[in-house]
Amino acid sequence: MMTSANVTWHEGVVGRAQRWSSLGVRGATIWFTGLPASGKSTIAAATEARLVGEGRSAYRLDGDNLRHGVCGDLGFSTADRDENVRRTAEVARLFADSGSIAIVSVVSPFESGRRAARALHERDGLHFVEVFVNTPVEECMRRDPKGLYARAVAGQLTGMTGVDAPYEVPSSPDVELLGPCDVTDAVERVLTALEPARAI
Ligand code: ADP
């Protein structure tokens, strides 16, 4: 965790245990990683809809959406991508601590950033579920809903993950979804990893 000089932590009156039990919630973070167009946002949105439909507090933190606000000042250099992942992890941790299920979908191409996101949560006693949406790059390029792969291949866009920027394959994700996969099945597998009791 980064610490700022001359700033001390202000403890609230209500702690996590009291907050969660009083509100009847249980916070956690689900972190979707994978190539652009692998299906992260689609599965994240379906997971959010399923949880909210069950009366749970769940909130999606979509990488593209965060770049409109919290991360609006960041580009796609390695340093900016790292900062994008760091901020996203910090925001997710706050949501999880508040009792919500933060559902992150962000390419997060580097193992170090994903490991740091997990450590940030686990140090704070928060459950973190890493989901690798493993769709082959050929399929992602075929989908290409935003035309980014086509532009990268044509040389009009540089630093595109999967074309001329690296994606480090997760070494030990909690869930690996081999794409293209059925979205309903994918949500089921994610929720089982979130709460193993669901499988019983
Ligand atoms: P990402 O968030 O990883 O960039 P998206 O969720 O936006 O990917 O999906 C990219 C494209 O692939 C979209 O056009 C979406 O409709 C399609 N897609 C997503 N998931 C699936 C799936 N399981 N099967 C087939 N197509 C999918």
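Note that ligands are numbered from 1 as they come in the structure, with each ligand's atoms numbered from 1 the same way.
Using the six-membered ring where Trp is involved, Phe132 and Tyr167 have ring planes that are parallel, under 30° apart on the 30 and 60° scheme.
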Donor-acceptor pairs under 3.5 Å, side chain of residues 150-157 to any protein atom, not counting sequence neighbours: which ones?
none

Hey, can you pull the donor-acceptor pairs under 3.5 Å for the side chains in residues 180-187, sequence neighbours left out?
| from | atom 1 | to | atom 2 | distance (Å) |
| --- | --- | --- | --- | --- |
| Asp182 | OD2 | Thr184 | N | 3.2 |
| Asp182 | OD2 | Asp185 | N | 3.0 |

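Classification of Asp174 and Arg189 as a salt-bridged pair fails, no side-chain N sitting under 4.0 Å from a carboxylate O.
In this structure, ligand 1 sits under 4.0 Å from heavy atoms belonging to Leu35, Pro36, Ala37, Ser38, Gly39, Lys40, Ser41, Thr42, Arg143, Pro145, Cys181, Val183.
Judged as a side-chain contact (heavy atoms from CB on, under 4.5 Å), and not counting sequence neighbours, the contacts of Leu178 are Asn134, Glu176.
Note: Arg26 CZ to His127 NE2 = 9.0 Å, rounded to the nearest 0.5 Å.
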